[in-house]
Amino acid sequence: MEIQGGLSEELKQKIVGTKVAIIGNQAVDLINSAIKRMGFRDTVISTEYSDLPECDVVICTSTTKEEYRNVLMHTKASGVSVIGAFNFGIGACVSVFDTTSSLPHFIEDKYGENAVESMLKYTDGYSKFWLISRNGWVEYAKKMDGGRGTMLINR
């Protein structure tokens, strides 16, 4: 759908017609600014999932598993995709959550209630398993944090 020199007209029309909700308090203004530069115009920012109007996509920057569970339960009936945006301070990662199920295993089954720490450890393990080079930033983020996830969350 992308053509030389920019986005295709078809994709531009889809973007303009898509309502995006951004939930949380981590980098929501940066995410909002970035997606507006891409062409998304109808965005809603909220710190609380229950205040959301109907939308097409939800971007969630929550830090606890409970918050993600609540967002997924709230959006499940409408079948809206949830994009989990994880800020590691010196890097970031996203995951698309299927609202027909619970949290992905790499967040649900590990490391207490801290979703950011779970995603950081999953990203590290994934990189090691697939021998992905240039992932030194993940190891550095873990060292900065002392393995707790709290320093990264507060950034």
Side-chain angles (χ1 to χ4, degrees), residues 1-127 132 135 137-138 141 145 149-155:
M1 294 177 90
E2 188 172 332
I3 57 173
Q4 187 175 8
L7 301 175
S8 69
E9 288 303 314
E10 179 185 2
L11 185 53
K12 286 179 186 177
Q13 289 304 310
K14 284 184 180 179
I15 286 173
V16 167
T18 300
K19 183 174 190 122
V20 179
I22 307 169
I23 303 173
N25 55 17
Q26 293 246 342
V28 291
D29 291 331
L30 293 173
I31 293 170
N32 191 40
S33 176
I35 66 175
K36 284 191 177 285
R37 283 193 305 272
M38 289 178 63
F40 291 92
R41 295 289 168 245
D42 195 358
T43 61
V44 176
I45 295 177
S46 177
T47 57
E48 177 61 37
Y49 67 91
S50 61
D51 292 338
L52 291 177
E54 286 190 28
C55 57
D56 301 303
V57 177
V58 173
I59 299 172
C60 185
T61 67
S62 297
T63 58
T64 69
K65 292 178 188 179
E66 188 61 32
E67 290 170 329
Y68 275 107
R69 285 185 199 108
N70 289 338
V71 171
L72 287 172
M73 289 301 293
H74 184 74
T75 59
K76 189 173 189 171
S78 59
V80 173
S81 295
V82 176
I83 299 172
F86 297 92
N87 177 11
F88 303 140
I90 61 169
C93 188
V94 298
S95 182
V96 178
F97 299 156
D98 177 3
T99 58
T100 61
S101 63
S102 61
L103 284 174
H105 70 88
F106 50 86
I107 294 177
E108 187 67 69
D109 299 337
K110 299 187 180 8
Y111 314 111
E113 283 299 310
N114 189 322
V116 176
E117 181 181 3
S118 295
M119 192 63 178
L120 179 61
K121 290 186 179 188
Y122 173 78
T123 302
D124 182 46
Y126 180 90
S127 297
I132 297 172
N135 68 337
W137 67 268
V138 175
D145 176 47
T150 52
M151 183 174 173
L152 301 173
I153 291 169
N154 293 328
R155 286 186 162 242

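We use all heavy atoms of the structure for the numbers below, so side chains are in, but hydrogens, waters and symmetry mates are not.
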Could you tell me which non-hydrogen atom of N25 sits nearest to which non-hydrogen atom of T61, and how far apart they are?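 Looking at all heavy atoms of both residues, the closest pair is N-OG1, 3.6 Å.
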Is [Y] close to [X] at the side-chain level, that is, under 4.5 Å between some pair of heavy atoms?
X: Y68; Y: I107; answer: no
X: V82; Y: L72; answer: yes
X: V71; Y: V58; answer: yes
X: I23; Y: I59; answer: no
X: M119; Y: F88; answer: yes
X: T47; Y: V28; answer: no

Stepwise side chain to side chain contact (heavy atoms under 4.5 Å, CB included) test for S81 and F97: CA-CA 6 Å; S81 295; F97 299 156; over 6 Å; no
Taking the side chain from T64 and the backbone from E67, do they hold a donor-acceptor pair closer than 3.5 Å?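 At least one qualifying donor-acceptor pair exists.
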Look up atom [atom1] in [X] and atom [atom2] in [Y], then write down how far apart they are to the nearest 0.5 Å.
X: I45; Y: I31; atom1: CD1; atom2: CD1; result: 9.0 Å
X: W137; Y: I90; atom1: CH2; atom2: CD1; result: 7.5 Å
X: H74; Y: C60; atom1: NE2; atom2: SG; result: 11.5 Å
X: L30; Y: I35; atom1: CG; atom2: CD1; result: 11.5 Å
X: F86; Y: Q26; atom1: CZ; atom2: CD; result: 10.5 Å

Those residues that, when tested against R41, pass salt bridge (Lys or Arg N to Asp or Glu O under 4.0 Å) (two or more places apart):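 Listed in chain order: nothing, the list is empty.
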Return the set of residues passing salt bridge (Lys or Arg N to Asp or Glu O under 4.0 Å) with E66 (not counting sequence neighbours), or none when no residue passes.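 Result, salt bridge (Lys or Arg N to Asp or Glu O under 4.0 Å) vs E66: R69.
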Give the intermediate values and the outcome of side chain to side chain contact (heavy atoms under 4.5 Å, CB included) for residues I22 and V44. CA-CA 6 Å; I22 307 169; V44 176; over 6 Å; no
Before giving the answer on side-chain hydrogen bond (donor to acceptor under 3.5 Å, both in side chains), spell out for S50 and E48 the whole-Å C-alpha distance, their side-chain angles and the decisive distance to 0.1 Å. CA-CA 6 Å; S50 61; E48 177 61 37; 3.2 Å; yes
Cut-off 3.5 Å, side chains only: do D56 and T18 have a donor facing an acceptor?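 Their side chains do not contain a donor-acceptor pair, so the 3.5 Å distance test is not met.
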Fit a plane to each ring of Y126 and Y122, take the angle between them on a 0 to 90° scale, and name the class: parallel (under 30°), tilted (30 to 60°) or perpendicular (over 60°).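 If you compare the ring of Y126 with that of Y122, the planes turn out tilted.
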